[in-house]
Amino acid sequence: MGSINALRGTKDILPAEVGYWQQLETIAYQTFARAAYQEIRTPIFEQTELFARGIGEATDVVGKEMYTFTDRGDRSITLRPEFTAGVVRAFIQHSLGSQGSVQRLWYAGPVFRYERPQAGRQRQFHQIGAELIGNGSPAADVEVIAIATDILQQLGLKSLKLDINSVGNQEDRSNYREALINYLTPYKAELDSDSQDRLTRNPLRILDSKNENTQTIVQNAPQLLDYLSETSRIHFEQVQGMLNALEIPFTINPRLVRGLDYYTHTAFEIQSDDLGAQATVCGGGRYDTLVEQLGGKPTPAVGWAMGVERLILLLEKLQTRSPETPAVYVVSRGDQATSQAMVLTQKLRSQNIAVEFDLTGANFKKQFKRADNSGAQVCLVIGDAEAEATTLNVKWLATQAQTTVTQAEFLNTIETFRAQLQDHLGQG
RNA sequence: GCGGGUGUAGCCAAGUGGUUAAGGCAUCGGAUUGUGGUUCCGACACUCGCGGGUUCGAGUCCCGUCAUCCGCCCCA
């Protein structure tokens, strides 16, 4: 076949499933609006250095998953592998925090990672996320988590688990890192090969290895929570207290270590049991040093991102959504009739009634068959005879009841017609 | 990047080296040239993801490649 297909790891979102996307986007948009969050849109590509510095050179995302290329001006460009770095860059560039005010931001759009695709993992995928920049209180962490759980709940997604942890501040973490390396080094030979590599590069990630042997070794490792400073511990406890007050169930997972370098203090993840290996549906945390790291003033911040495709997978399992159907199907035959029918159709549409117009001019049998398949409640029919008399037939498909009215009268009583449609909708 | 499974029409598929590649759904045409959801008839894969090889003969076996799925890694 000489035809061209969508690239590996990319997908077309077809009409049959786009309803789920719209549902998700609508709910997210309304939830953000209620919480006084404003949308921000940043470029899809940025200087490579932004991500290298922001996400961390040692991370897998930067090390092996970025779509990086050189443009015609010899600049190194990268398709965004996540939103936070770009949003923070915009925050700094436009001095959004200059008044010392809090910025509550949300975003939605595609991101790109060069990975091997599997269920719930694509090379171009979509995220919806929130960033609260300029406030370091535990209440900020909780606000952001509450918005995430609110959205998921409105989507009707049950059996999701919220895990939280604290990775402390940078000092806590470097102390802990040292302790962990000291503990693990004697076992080095017994660790799985991935974990051996991570021992120097990113030892905290060894904690969540899936290798059984590694897990038994890690059982007795020192705990990150024991290395938290007084202020870090208090912060974490306050977060937990407020989550309890909001009756948002959570589990403390001391092994939860997120893969991006910028996290401090609170880290959290929301997972589903119904997605196989790619279980995380929402991930986020606090990142108090990132703004400064990217050249801004020291500014605390917290945020999360949701994976849209993974949520859609869950929604599809949960619901059978009927596709959008028109209320009215218009059938016509003959040039004059078709012209009159088109005028009627546009009038109805301008009155906010959903109308599908049959363009085929085929015999009435065919057109009625399509009318039936369309799911419309009512058929408007204009043939040669009706065109001659400037009338039309109104046929209710469920009852087969058909009446003839003049086109002028039909347009004058369009509100009555709409009410009849509502009645039929109501009977469902 | 590593390990394993799969790939026949728009969709679901039968096919286990031998004449013209079952069947179902959907679609289109007709029976019924102005009225639907039923029924009946007909059409719909010069070819089995793509390329090469073995063989008298390949959808079927082998190699490569692409895509997809599962797991690892990682993340949303």
Side-chain angles (χ1 to χ4, degrees), chain A residues 1-11 14 16 55 58-66 81-84 108-129 148 192-195 197-198 202 205-206 208-211 256-260 268-272 275-284 303-314 329 331-334 337 358 360-376 378-387 393-402 404:
Chain A
M1 54 154 76
S3 58
I4 296 174
N5 294 330
L7 281 172
R8 164 164 239 208
T10 69
K11 263 187 179 158
L14 300 174
I55 299 171
T59 62
D60 280 31
V61 169
V62 171
K64 58 181 196 190
E65 294 173 4
M66 294 205 301
E82 57 116 41
F83 273 87
T84 303
V111 293
F112 306 85
R113 290 182 199 172
Y114 192 90
E115 294 187 90
R116 183 117 176 217
Q118 61 189 66
R121 195 170 80 183
Q122 296 170 204
R123 290 183 171 180
Q124 174 177 337
F125 62 103
H126 296 75
Q127 291 188 333
I128 291 177
D192 62 281
S193 60
D194 284 318
S195 294
D197 289 346
R198 288 186 291 212
N202 201 347
R205 294 219 55 90
I206 297 173
D208 67 349
S209 167
K210 285 176 192 166
N211 182 283
L256 171 59
V257 180
R258 313 219 68 256
L260 312 183
F268 65 92
E269 241 172 47
I270 299 173
Q271 300 196 325
S272 165
L275 285 174
Q278 314 304 325
T280 302
V281 127
C282 175
W304 52 256
M306 288 184 189
V308 176
E309 280 80 358
R310 291 182 187 174
L311 290 172
I312 303 279
L313 286 175
L314 293 175
Y329 194 94
V331 162
S332 68
R333 194 158 160 75
D358 195 306
T360 62
N363 65 48
F364 281 104
K365 182 181 177 70
K366 299 292 177 198
Q367 295 198 54
F368 272 95
K369 190 164 185 168
R370 275 192 288 270
D372 198 47
N373 286 338
S374 78
V378 65
C379 220
L380 303 185
V381 189
I382 303 182
D384 291 332
E386 291 77 16
N393 297 331
V394 179
K395 178 165 184 178
W396 295 88
L397 288 166
T399 60
Q400 304 198 43
Q402 178 169 300
T404 303

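Each chain gets a letter, A, B and so on, in the order the sequences are listed, and its residues count up from 1.
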Practice problem: Mind calculating the distance between CG (A/D358) and C1' (B/G36) to the nearest angstrom? | Solution: 12 Å

Quiz item: Using atom C1' of each nucleotide, how far apart are B/U6 and B/A43 to the nearest Å?
Solution: 32 Å

Exercise. Looking at every strand, decide which applies to A/G283 at a 4.0 Å heavy-atom threshold: base, sugar-phosphate, or nothing.
Key: sugar-phosphate

Quiz item: Taking CG from A/D197 and C1' from B/C73, how many angstroms apart are they, rounded to a whole number?
Solution: 11 Å

Quiz item: Contact class for A/D384 (heavy atom, under 4.0 Å): base, sugar-phosphate, or nothing?
Solution: base

Exercise. Considering only atom C1', compute the distance from B/U16 to B/U8 and round it to an integer number of Å.
Key: 15 Å

Quiz prompt | Which nucleotide in B/U27, B/G36, B/G29 has an atom nearest any side-chain atom of A/K366 | solution = B/G29

Quiz item: Would you call A/R121-A/E115 a salt bridge at under 4.0 Å N-O?
Solution: yes

Quiz prompt | Set of residues satisfying side-chain contact (heavy atoms from CB on, under 4.5 Å) with respect to A/D372, sequence neighbours excluded | solution = none

Quiz item: Should A/D358 and A/R370 count as an ion pair when the cut-off is N to O under 4.0 Å?
Solution: yes

Exercise. Could you check how far CG of A/N5 sits from P of B/A67, rounded to whole Å?
Key: 10 Å

Exercise. Taking atom C1' in both B/C66 and B/U27, compute the distance separating them and give it to the nearest angstrom.
Key: 30 Å

Quiz item: Run the side chain to side chain donor-acceptor pair (under 3.5 Å) check on A/Q124 and A/Q122 step by step: do they pass?
Solution: CA-CA 5 Å; A/Q124 174 177 337; A/Q122 296 170 204; over 6 Å; no

Practice problem: Would you kindly compare A/D372 and A/A362 by the position of their nearest RNA chain B nucleotide and give the one closer to the 5′ end? | Solution: A/A362

Practice problem: Please state whether the phosphate of B/U33, meaning OP1 or OP2, lies under 4.0 angstrom from any side-chain nitrogen or oxygen of A/R333. | Solution: no

Self-check item: G-U wobble or Watson-Crick pairing nucleotide for B/U68 (cut-off 3.5 Å, both distances)
Solution: B/G5

Quiz prompt | Euclidean distance, atom CD of residue A/E65 to atom C1' of B/C73 [Å, nearest integer] | solution = 9 Å

Exercise. Side chain of A/F368 only, please: which of B/C73, B/U35, B/A76 is the nearest?
Key: B/U35

Quiz item: Does any nucleotide pair with B/U47 by Watson-Crick or G-U wobble geometry, both distances under 3.5 Å, and what is it?
Solution: none

Quiz prompt | Interatomic spacing from CD in A/Q278 to CG in A/L313 - rounded to 0.5 Å | solution = 10.5 Å

Quiz item: Looking only at N and O atoms, is any donor in the side chain of A/E386 or the base of B/G34 less than 3.5 Å from an acceptor on the other one?
Solution: yes

Exercise. Report which part of the nucleic acid A/G9 touches: base, sugar-phosphate, or nothing (heavy-atom distance under 4.0 Å, all strands).
Key: sugar-phosphate

Exercise. Report yes if some heavy atom in the side chain of A/S195 is under 4.5 Å from a heavy atom in the side chain of A/I206; otherwise report no.
Key: yes

Quiz prompt | Donor-acceptor pair present, A/K365 side chain and B/U35 base, under 3.5 Å | solution = no

Quiz prompt | A/K11 to A/F125 six-membered ring, cation-pi geometry met (6.0 Å, 45°) | solution = no

Quiz item: Roughly how far apart are A/W304 CH2 and A/I270 CD1, rounded to 0.5 Å?
Solution: 8.0 Å

Expected rows: protein N/O vs nucleotides 69-72 of chain B N/O, under 3.5 Å:
| unit_1 | atom_1 | unit_2 | atom_2 | d |
| --- | --- | --- | --- | --- |
| B/C70 | OP2 | A/A119 | N | 2.4 |
| B/G71 | OP1 | A/A277 | N | 3.4 |
| B/C72 | N4 | A/R121 | NH2 | 3.4 |

Quiz item: Of all residues at least two apart in sequence or in a different chain, which pass the salt bridge (charged side-chain N to carboxylate O under 4.0 Å, His left out) check with A/R205?
Solution: A/D208

Self-check item: Base-pairing mate for B/G34 - Watson-Crick or G-U, with both contacts under 3.5 Å
Solution: none

Quiz item: How far does the C1' atom of B/A45 sit from the matching atom of B/A22, given to the nearest Å?
Solution: 13 Å

Quiz item: If the P atom of B/G51 is compared with that of B/U60, how far apart are they to the nearest Å?
Solution: 13 Å

Exercise. Please tell me if the side chains of A/T360 and A/K366 come closer than 4.5 Å, counting only heavy atoms from C-beta onward.
Key: no

Practice problem: Using whole Å, report how far NZ of A/K369 lies from P of B/U32. | Solution: 15 Å

Quiz item: When the C1' atoms of B/U54 and B/C62 are considered, how many whole Å apart are they?
Solution: 7 Å

Quiz item: What integer number of Å spans the P atoms of B/C72 and B/C56?
Solution: 47 Å

Quiz item: Got a donor-acceptor pair under 3.5 Å from the side chain of A/Q400 to the base of B/U35?
Solution: no

Quiz item: Nearest-Å distance, CD (A/E309) to P (B/A76)?
Solution: 14 Å

Self-check item: Closest nucleotide among B/G37, B/A76, B/G34 to the A/E115 side chain
Solution: B/A76

Practice problem: Looking at every strand, decide which applies to A/A305 at a 4.0 Å heavy-atom threshold: base, sugar-phosphate, or nothing. | Solution: sugar-phosphate

Self-check item: Base paired to B/G42 (Watson-Crick or G-U; both N/O distances under 3.5 angstrom)
Solution: B/C28

Exercise. Rounded to whole angstrom, note down the C1' distance from B/C40 over to B/G7.
Key: 37 Å

Practice problem: Please give the nucleotide sitting opposite B/A14 as a Watson-Crick or G-U wobble pair, both distances under 3.5 Å, or none. | Solution: none

Quiz item: What's the CG-C1' distance between A/L397 and B/U38, to the nearest Å?
Solution: 16 Å

Quiz prompt | Nearest-neighbour nucleotide for the A/R310 side chain, B/U35, B/C73, B/C75 considered | solution = B/C75

Quiz item: Below 3.5 Å, does any donor atom in the side chain of A/N363 face an acceptor in the base of B/U32, or the other way round?
Solution: no

Quiz item: Is the glycosidic angle of B/C46 within 90° of 0, making it syn, or outside that range, making it anti?
Solution: syn

Quiz item: Given atom CD of A/Q124 and atom P of B/A76, what is their separation to the nearest angstrom?
Solution: 17 Å

